[in-house]
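Take a look at the structure below.
Throughout, residue positions are numbered sequentially from 1 according to the sequence presented. Given the structure is predicted, the values throughout are model-derived calculations rather than measurements.
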Amino acid sequence: MTTAKEIIQYMESLRDERQRTNLMRFFKTAPGEYGYGDEFLGIKVPQTREVVKMALNIDHGPLNIDEVPELLMSKWHEVRLCGLLILVDKFERLATKRLVNDEKAIRGRDEILTMYLKYADRVNNWDLVDLSAPKILGGWLVIGEGEYKRQVLDELAYSDNLWKQRMSIVCTWKTSQMGDPSWCLRYAEIHLHHPHDLMHKAVGWMLREMGKRCSMALLRDFLRQHAHEMPRTMLRYAIEKMSDEERKEWMGVRCTC
C-alpha cells in the first residue's frame, strides 16, 4: 500500500459492525459526550498497527509523508490513528542518537512536527492523543533546547480544545522518562483547575510518572502545595504508586476545589 486511498480502502474492508458498536460506546460518541460525532470502522489497535507496518514496508516502497494528511482528514477514527502512527514511526526513525544532529533528519522531524500541529484538530480523542503526543511532541521536546518549545506547548495548553490541552500534558511523559520534571510540573499546574475528568486523569497520570521517573520528593512537594485544590481523581492518579498508608494521608487532605 503506497497511497492513502489504498490504505483507506483496505481498512474499510476490515469493518466489523459488532466491534464498531462497542468502540463507539467505549469512546463516548453519543450526543453530549466527549467523542460525539466520531465514526468507527470497528478495527482493533493491533490490526491498525499491522496496516502501519504494511504502509511502511521498505521492500514495497514506504508511504510518502505527503499522503498522511488524507489519512488524518478521514472521518474514520482508525484511519486517523493509522496516519498518526505512521508519523510516530517516521519521527522515531529520525530521532535516533545517530541522527539527532543530522541536518536532513532535523528537517524531517520538523516536517512531521509541523504536520502534527497543523492537523491537531483531527487528533480528537484521548487514545489518538496518548498514542501520538508523547512520541512526537515529547520526542521533539527532549531533542535540543529552545524557548520556542514552551511557546508551542503553551498555545496547546491555553487553547479551547480539550484534546490540544491533553497533548500539552501527556507529551511530558517523554520528558519525565528522560529525567526532566520541569515540563510536567509546569503543565500540571496550568491544568490544575481544568473542569474535565479526562484532564484530571491525564494530569494525575503524568504527575505519577514524573514522580516515578524523576523524583518522588518533587511529587510530594507538588502535592504539599496543591493537594487541597486538586480534583480527587487527579490526586488519586498521582499517588497511585505510593504506599496504602501514604495514599490515605493524601486523600485525607481537605479539598477546597
Side chains of [X] and [Y] in contact at under 4.5 Å (non-hydrogen atoms):
X: Tyr237; Y: Val203; answer: no
X: Gln177; Y: Lys174; answer: yes
X: His228; Y: Cys255; answer: no
X: Ile239; Y: Arg208; answer: no
X: Met251; Y: Arg232; answer: yes
X: Lys135; Y: Glu92; answer: yes
X: Glu209; Y: Val170; answer: no
X: Leu128; Y: Leu84; answer: yes

Taking the six-membered ring for Trp and the full ring for Phe, Tyr or His, determine whether the centres of Trp126 and Phe27 are under 6.0 Å apart. yes
Apply side chain to side chain donor-acceptor pair (under 3.5 Å) to the pair His191 and Gln165, showing each step before the final yes or no. CA-CA 8 Å; His191 294 307; Gln165 294 164 357; 5.4 Å; no
Donor on one side chain, acceptor on other, [X] and [Y], under 3.5 Å:
X: Asn125; Y: Tyr34; answer: no
X: His77; Y: Asn124; answer: no
X: Asp180; Y: Ser182; answer: yes

If you compare all heavy atoms of [X] against all heavy atoms of [Y], which two are closest, and at what distance to 0.1 Å?
X: Ala227; Y: Trp250; result: CB-CE3, 4.0 Å
X: Ser132; Y: Val123; result: OG-CG1, 4.0 Å
X: Cys171; Y: Leu153; result: SG-CD2, 3.6 Å
X: Gln19; Y: Gly42; result: CG-O, 3.2 Å
X: Leu207; Y: Ala188; result: CD2-CB, 3.8 Å
X: Val100; Y: Arg109; result: O-NH2, 2.8 Å

Side-chain donor or acceptor of [X] paired with backbone N/O of [Y] under 3.5 Å:
X: Arg122; Y: Ser74; answer: yes
X: Arg213; Y: Gly211; answer: no
X: His200; Y: His194; answer: yes
X: Ser176; Y: Thr172; answer: yes
X: Glu78; Y: Ile43; answer: yes
X: Glu67; Y: Ala4; answer: yes

Under the criterion side chain to side chain contact (heavy atoms under 4.5 Å, CB included), I'd like the reasoning laid out for Met199 against Ile169: C-alpha separation, chi angles, the key distance, then a yes or no. CA-CA 9 Å; Met199 287 298 291; Ile169 182 66; 4.0 Å; yes
Between [Y] and [X], is the closest basic N to carboxylate O distance under 4.0 Å?
X: Arg93; Y: Asp89; answer: yes
X: Arg166; Y: Asp130; answer: yes
X: Asp38; Y: Arg80; answer: yes
X: Lys248; Y: Glu246; answer: no
X: Lys149; Y: Asp154; answer: no
X: Asp121; Y: Lys164; answer: yes
X: Glu39; Y: Arg20; answer: yes
X: Lys53; Y: Glu50; answer: yes
X: Asp110; Y: Arg107; answer: no

Residue [X] excluded, over 12 heavy atoms near [atom1] under 6.0 Å:
X: Lys90; atom1: NZ; answer: yes
X: Trp173; atom1: CH2; answer: no
X: Met242; atom1: CE; answer: yes
X: Lys212; atom1: NZ; answer: yes
X: Glu17; atom1: CD; answer: yes

Separation of [Y] [atom2] from [X] [atom1] (nearest 0.5 Å):
X: Thr21; Y: Phe26; atom1: OG1; atom2: CZ; result: 15.0 Å
X: Phe91; Y: Leu94; atom1: CZ; atom2: CG; result: 8.0 Å
X: Leu156; Y: Leu117; atom1: CG; atom2: CG; result: 6.0 Å
X: Ile8; Y: Glu6; atom1: CD1; atom2: CD; result: 10.5 Å
X: Met24; Y: Thr29; atom1: CE; atom2: OG1; result: 3.5 Å
X: Leu192; Y: Glu229; atom1: CG; atom2: CD; result: 4.5 Å

Under 4.5 Å between side-chain heavy atoms, counting indirect links through other Ile/Leu/Val/Met/Phe/Trp/Tyr residues: same cluster for [X] and [Y] or not?
X: Val142; Y: Leu99; answer: no
X: Leu87; Y: Leu113; answer: yes
X: Tyr116; Y: Tyr148; answer: yes
X: Met178; Y: Trp205; answer: no
X: Tyr10; Y: Leu85; answer: yes

Let me see the working for Leu223 and Val253 under side chain to side chain contact (heavy atoms under 4.5 Å, CB included), right down to the final yes or no. CA-CA 10 Å; Leu223 295 176; Val253 174; over 6 Å; no
Test side chain to side chain contact (heavy atoms under 4.5 Å, CB included) applied to Met230 and Phe222, step by step: CA-CA 11 Å; Met230 292 172 69; Phe222 185 93; 4.3 Å; yes
Can you list the steps and then say if Ile112 with Ile65 is a side chain to side chain contact (heavy atoms under 4.5 Å, CB included)? CA-CA 8 Å; Ile112 292 168; Ile65 193 173; 3.5 Å; yes
Residues Arg15, Glu12; criterion salt bridge (Lys or Arg N to Asp or Glu O under 4.0 Å); working and verdict: CA-CA 5 Å; Arg15 183 171 177 144; Glu12 287 177 339; over 6 Å; no
